[in-house]
Amino acid sequence: ISTATSIAQQKFNNCIMNASGVWCSDEKELTIIDNSAAGTFVTKSGTLQPREGNPSPRYFETSWGSINSMGLPNRGLDYYLDFVQKLQQQKRQKHYFISCTGFNVQEDLLLLKKITDADFKGIVELNLSCPNVPGKPQTGYDFATVDMILKNVFENYAGPLGVKLPPYFDIVHFNQMAQILNKYPLAYINCVNSIGNGLYIDDEKEQVVIKPKNGFGGIGGDYIKPTALANVHAFYQRLDPKIQIIGTGGIKNGQDVFEHILCGASMVQVGTALMKEGPDIFERLTQELKTIMQAKGYSKIADFKGKLKYLA
Ligand SMILES: C=Cc1c(C(=O)O)[nH]c(=O)[nH]c1=O
């Protein structure tokens with residue numbers, strides 16, 4: 001039984017990896033994920049300059065998931081690029097994802113130029129969905145801007161590149177976004193980022209639980225699995241098959257991984273549950289997925305990817 005997969009013709013021996021932002025902020029964390037059962041890793045979204053991010057507390061775990069308003073703290077794209085290039089020299093058969101995000105299209109293009117100049121051979125994840133930078137709207141909800149960015153990106157960047165999208169909640173929005181995405185040679189899209197600007201309350205204190213934005217933050221975990229599955233499947237139904245889908249959102253056991261793949265995901269990313277359990281989770285998720293595949297008579301991901309059935 002194999003849980004291997006491939007994205008943009010790059011092969012991974014496991015279809016399960018971390019979600020950007022979790023266990024990927026520095027060399028130490030990335031090395032641990034690299035040595036775990038995860039098929040690969042994606043870095044925290046790198047910006048042109050390093051960032052402190054928002055004031056703490058800025059992350060809070062609940063029984064059903066998490067809320068975060070990190071504010072894009074990161075070491076800067078150069079740091080992640082240097083680290084991944086060094087690692088790539090040692091592990092030639094492995095491929096890695098680098099996430100990046102600019103605050104406008106000019107910055108996006110500068111980031112991609114850095115990646116081109118570094119002769120990066122892995123896969124780029126352009127984050128269009130950070131919900132927690134005060135004063136900055138989520139690019140992914142501005143369709144015209146997404147179109148303009150992708151046009152500029154693919155006029156300037158030649159390597160495999162995917163985009164991290166926010167969750168959409170309207171069929172017409174799925175249609176409109178799919179129409180835009182299908183115009184471009186995307187390697188993949190990653191659905192979904194956290195559900196933006198949720199609010200979690202400590203009843204005893206009658207208080208919010210994170211400091212930034214009066215307690216408003218991105219929601220992850222069990223709360224968002226139905227939304228994540230719907231976004232994966234909606235785009236799977238609408239996109240050119242050349243554009244693969246990475247499923248992110250609400251994965252904490254093998255069943256959740258199975259469901260994302262059934263909806264059309266070629267790869268899955270784990271955020272909140274990885275934050276709670278640590279990198280050992282990858283071994284557990286892989287074994288649980290294999291057990292499910294075995295019980296159903298599937299030997300590889302392709303046997304059931306996208307094969308969700310409807311009611312007649
Ligand atoms: C990159 C910023 C993001 C952040 C953040 O750094 O606040 N949190 C998320 O849940 N998703 C993001 O994309």
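Order of appearance sets the numbers: ligands from 1, and atoms from 1 within every ligand. Please read all numbers here as calculations on a predicted model, not as lab measurements. All heavy atoms count here, side chains included; hydrogens, waters and symmetry mates do not.
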Pair Lys44-Asp26, salt bridge (Lys or Arg N to Asp or Glu O under 4.0 Å): steps then yes or no: CA-CA 8 Å; Lys44 171 68 182 175; Asp26 60 27; over 6 Å; no
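- Remark: Thr47 pairs with Asn74 by the side chain to side chain donor-acceptor pair (under 3.5 Å) rule, at least two apart or across chains.
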Kindly list each side-chain donor-acceptor pair under 3.5 angstrom involving residues 146-161, sequence neighbours excluded, with atom names and distances?
| from | atom 1 | to | atom 2 | distance (Å) |
| --- | --- | --- | --- | --- |
| Asp147 | OD1 | Lys183 | NZ | 3.0 |
| Asp147 | OD1 | Tyr184 | OH | 2.4 |
| Asp147 | OD2 | Lys183 | NZ | 2.7 |
| Lys151 | NZ | Glu155 | OE2 | 2.8 |
| Asn152 | ND2 | Met148 | O | 2.8 |
| Asn156 | ND2 | Asn152 | O | 2.6 |

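- The salt bridge (charged side-chain N to carboxylate O under 4.0 Å, His left out) pairs that include a residue from residues 74-85 are Asp78-Lys114, where partners are two or more places apart or lie in different chains.
- Between the side chains of Gln269 and Asn190, at least one donor N or O lies within less than 3.5 Å of an accepting N or O.
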Less than 3.5 Å apart, N/O on ligand 1 and N/O on the protein: could you list those pairs with the distances?
| from | atom 1 | to | atom 2 | distance (Å) |
| --- | --- | --- | --- | --- |
| ligand 1 | 6 (O) | Lys44 | NZ | 2.8 |
| ligand 1 | 6 (O) | Leu72 | N | 2.8 |
| ligand 1 | 7 (O) | Asn68 | OD1 | 3.4 |
| ligand 1 | 7 (O) | Met70 | N | 3.1 |
| ligand 1 | 7 (O) | Gly71 | N | 2.9 |
| ligand 1 | 7 (O) | Asn132 | ND2 | 2.9 |
| ligand 1 | 8 (N) | Asn68 | OD1 | 3.0 |
| ligand 1 | 8 (N) | Asn132 | ND2 | 3.2 |
| ligand 1 | 10 (O) | Asn68 | ND2 | 2.8 |
| ligand 1 | 10 (O) | Ser194 | OG | 2.8 |
| ligand 1 | 11 (N) | Asn193 | OD1 | 2.8 |
| ligand 1 | 13 (O) | Asn127 | ND2 | 2.9 |
| ligand 1 | 13 (O) | Asn193 | ND2 | 2.9 |

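- With 3.5 Å as the limit, one finds no donor-acceptor pair spanning the side chains of Gln176 and Tyr168.
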